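Just so we're on the same page: letters track the sequence lines, and every chain starts at 1. Predicted model only: the values in this text are computed from it and were never measured.
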Protein chains: 2
Amino acid sequence: MIKEERQKLIIEKLNRDQKINLLELSQLLNVSYDSIRRDVIELEDKGLLKKVHGGAVANSYLSFKTTQGYGMDNQEVLHLTRKAQKLFENHQTILMDGGTTNFHIAEQFPKNLELTVITNSLPLATVLNDHPKVETILLGGTYHKRYQITIGHEVMRQLDHFRVDLYLMGFNGLHPQTGVTLRHYEESVLKQKMAQSANKVAVCAIAEKLHNIETYKVCDIQEIDILVTSFKPTDVSLQDFRKHGIELL
Amino acid sequence: MIKEERQKLIIEKLNRDQKINLLELSQLLNVSYDSIRRDVIELEDKGLLKKVHGGAVANSYLSFKTTQGYGMDNQEVLHLTRKAQKLFENHQTILMDGGTTNFHIAEQFPKNLELTVITNSLPLATVLNDHPKVETILLGGTYHKRYQITIGHEVMRQLDHFRVDLYLMGFNGLHPQTGVTLRHYEESVLKQKMAQSANKVAVCAIAEKLHNIETYKVCDIQEIDILVTSFKPTDVSLQDFRKHGIELL
DNA sequence: TAAAACTTTGCATAAATTTGCAATGATGAT
DNA sequence: ATCATCATTGCAAATTTATGCAAAGTTTTA
């Protein structure tokens with residue numbers, strides 16, 4: 001029995017049972033425990049399974065990885081992104097960074113909207129494939145696999161060459177006193193620079209992010225020009241923001 | 001028993017059993033172990049099987065279906081991209097542009113390969129999400145929706161900052177006299193610049209592209225250092241390329 | 001046709017891979 | 001906390017692979 005044969009059997013059994021036990025398997029295939037163990041290590045290196053204590057499990061995570069977190073099952077988000085469409089006019093240049101909210105907004109652009117979109121988000125650029133009248137410019141830099149955006153010095157440098165009409169900023173927390181906050185340091189620095197490259201800065205906030213505070217500060221609330229929420233502009237929960245002269249949508 | 005006869009029998013047995021054992025086979029056919037081994041090496045070079053320790057397996061045997069989007073149904077491409085893996089060593093910096101061939105090569109990087117990959121292709125950057133040890137740098141610029149790459153002045157400018165070990169160039173035509181040619185003008189200019197940023201330039205050519213000529217010229221054949229094809233390096237169809245001192249793989 | 005050049009084949013040897021075993025360390029369940 | 005189970009490591013044996021070499025066979029060329 002050659003190695004490849006064993007490994008194929010392992011994968012097949014794993015797909016049937018979702019989990020395997022190393023000892024059991026070694027008896028079944030009539031080889032030493034060590035060989036099975038080493039097979040499982042190799043297969044894990046190839047990303048075909050996940051090794052756990054006493055055995056291995058199928059890694060089903062691969063299947064829903066591509067759409068990770070980008071599903072639109074949320075009514076609030078849908079409503080919010082619809083509302084956000086009012087921000088855009090033909091022939092504008094818009095700067096948009098990463099995050100699911102911006103992704104969904106771009107996804108819902110009207111098909112005849114003529115925009116130039118500058119972004120550091122790969123999913124965003126990709127979703128704009130379906131919008132022939134949108135010209136897309138991608139900011140280059142170090143690629144961050146988890147967020148699927150580019151970051152770092154090179155992105156900052158490219159921002160010097162642009163002055164955009166509107167920057168649609170993604171964020172994690174928005175608070176009347178603390179301002180805009182983020183979980184990721186590198187991004188928070190980048191967003192500061194982005195805000196400086198734009199005539200206007202807009203944010204779209206689901207209720208969960210309103211009045212939330214995260215670790216890294218991006219900017220004060222005064223620097224935000226437009227706030228899109230799913231509340232009515234007159235809602236009491238927004239009164240602290242109204243004070244700062246922010247346009248509410 | 002002549003070589004061709006043996007090899008035919010090997011392939012037939014392989015198609016029946018999906019795997020063969022070299023020792024067993026040598027006894028069955030009554031020839032030395034070495035002859036069988038050398039037959040198998042030849043057959044692997046032709047892409048008809050995959051050699052493994054102690055035997056060989058059918059090509060389909062190992063494909064646990066990791067492919068997505070850019071379907072990989074072509075045996076020649078599979079073989080070619082496998083062969084191309086020999087180009088890479090740990091801790092190198094590689095420049096790769098767009099095209100399906102480069103995509104498939106990246107897709108098949110060993111999971112433990114430590115590389116820095118610089119690219120202007122969005123699908124390529126995305127596929128590298130699954131390779132935790134590969135650092136990806138994305139070149140920014142105007143996004144071309146059809147090819148899903150960035151192009152234009154800004155990409156060119158960023159290239160000034162890099163000097164890479166190897167540039168893996170995608171292309172449409174490769175001809176011993178005409179050189180490397182392309183269908184898309186903007187890209188052809190970009191590729192010239194890319195070639196200048198690299199210590200070595202490699203191309204991977206399926207048979208269809210060999211001796212093919214397209215509209216826009218990228219560079220002369222002399223500027224290519226390594227050519228990966230599914231032919232043996234000694235094959236007659238490659239003799240015109242050999243003359244130019246190109247390393248054949 | 002004969003000589004030269006090349007290919008194929010089997011063998012010997014050295015290098016590399018795979019495998020199983022035993023000792024030691026780590027982990028999980030009770 | 002203890003014990004049983006599992007994981008890791010180093011090692012040695014067995015198997016397989018790579019390489020050079022020489023003999024035999026095949027093709028090319030003059």
Side-chain angles (χ1 to χ4, degrees), chain A residues 1-11 13-14 17-59, chain B residues 1-11 13-14 17-59 61-62 79 82-83 85-86 88-90 110-113 231-239 242-243 247-249:
Chain A
M1 160 120 50
I2 60 177
K3 198 171 56 154
E4 281 68 23
E5 196 178 355
R6 279 200 317 266
Q7 297 192 359
K8 191 179 170 81
L9 289 169
I10 292 175
I11 293 293
K13 184 165 173 57
L14 200 56
D17 305 351
Q18 293 299 303
K19 68 173 205 298
I20 51 170
N21 174 289
L22 296 197
L23 185 61
E24 187 186 309
L25 206 58
S26 72
Q27 290 161 356
L28 195 69
L29 300 183
N30 235 350
V31 288
S32 79
Y33 184 89
D34 290 69
S35 295
I36 294 293
R37 228 189 88 259
R38 277 183 275 232
D39 283 339
V40 167
I41 290 171
E42 272 188 46
L43 290 169
E44 182 172 42
D45 278 346
K46 288 183 190 163
L48 296 169
L49 52 75
K50 173 101 180 76
K51 198 165 165 304
V52 296
H53 194 92
V57 296
N59 60 351
Chain B
M1 160 120 44
I2 62 170
K3 198 167 60 151
E4 281 69 22
E5 195 178 351
R6 279 200 317 266
Q7 297 194 358
K8 186 159 182 273
L9 289 169
I10 292 175
I11 292 295
K13 184 165 173 58
L14 196 60
D17 303 352
Q18 294 296 296
K19 68 164 210 295
I20 52 173
N21 175 290
L22 296 196
L23 183 62
E24 188 185 307
L25 206 58
S26 72
Q27 290 162 354
L28 195 70
L29 300 184
N30 231 359
V31 286
S32 80
Y33 189 88
D34 290 68
S35 295
I36 293 293
R37 236 189 83 259
R38 276 183 275 234
D39 284 339
V40 167
I41 289 171
E42 274 188 44
L43 290 169
E44 180 174 42
D45 279 342
K46 288 183 187 161
L48 296 170
L49 51 77
K50 170 96 178 99
K51 195 167 168 307
V52 299
H53 195 96
V57 295
N59 244 332
Y61 199 79
L62 290 175
H79 174 234
R82 282 240 186 84
K83 221 165 162 180
Q85 302 302 323
K86 293 178 193 157
F88 311 109
E89 289 169 30
N90 276 333
K111 291 283 174 189
N112 54 358
L113 182 63
F231 300 106
K232 266 194 188 181
T234 51
D235 198 291
V236 282
S237 66
L238 298 178
Q239 64 185 6
R242 256 198 311 277
K243 277 191 252 170
E247 184 183 341
L248 296 167
L249 241 166

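One finds no side-chain N or O of K3(B) lying less than 4.0 angstrom from the OP1 or OP2 phosphate oxygen of dT9(C). Phosphate proximity of dT8(D) to K51(A): present, with a side-chain N or O under 4.0 Å from OP1 or OP2. A close approach under 4.0 Å does not occur between any side-chain nitrogen or oxygen of Y33(B) and OP1 or OP2 of dC11(C). Taking 4.0 angstrom as the limit, R6(B) places none of its side-chain polar atoms (N or O) nearer than this to OP1 or OP2 of dT8(C). At the phosphate of dG10(C), OP1 or OP2 sits under 4.0 Å from a side-chain N or O atom of S35(B).
The nearest whole Å value for the distance from the CD1 atom in I2(B) to the P atom in dT7(C) is 17 Å. Atom pair R37(A):CZ and dT27(C):P shows a separation of 14 Å (rounding to whole Å applied). In this structure, I36(B) places its CD1 atom 17 Å from C1' of dA18(D), rounding to the nearest Å. Between the C1' atom of dA12(D) and the CG atom of D34(A) lies a distance of 13 Å, rounded to the nearest Å. The separation between E42(B) atom CD and dT9(C) atom C1' is 12 Å, rounded to whole Å. In this structure, the CG atom of N21(B) is 14 Å from the C1' atom of dT17(D), given to the nearest Å. Rounding to whole angstrom units, CG of residue L29(B) and P of dG10(C) are separated by 11 Å. Rounding to whole angstrom units, CD of residue Q27(B) and P of dT16(D) are separated by 10 Å.
Atom-to-atom distance recorded for E24(A):CD and L29(A):CG is 10.0 Å, nearest 0.5 angstrom.
If you check distances only, the side chain of R38(A) does reach the base of dG20(C) with a donor-acceptor pair under 3.5 Å.
Position along DNA chain C of the nearest nucleotide to D39(B) versus S32(A) favours D39(B) as the more 5'-ward residue. With DNA chain C read from its 5' end, the first of the two nearest nucleotides for N30(A) and E4(B) is the one closest to E4(B).
No contact: V40(B) has no heavy atom under 4.0 Å from any strand.
Looking only at side-chain heavy atoms (C-beta outward), D39(B) and V31(B) stay at 4.5 Å or farther from each other.
Between E44(A) and K51(A) there is no salt bridge, since no side-chain N of the basic residue sits under 4.0 Å from a carboxylate O of the acidic one. A salt bridge links E42(B) and K3(B); the closest N-O separation between the charged side-chain nitrogens and carboxylate oxygens is under 4.0 Å.
The salt bridge (Lys or Arg N to Asp or Glu O under 4.0 Å) analysis of residues 26-38 of chain B, with sequence neighbours excluded, yields no pairs.
You'll find that the side chain of H53(A) is closest to dC6(D), out of dC6(D), dG20(C), dT16(D).
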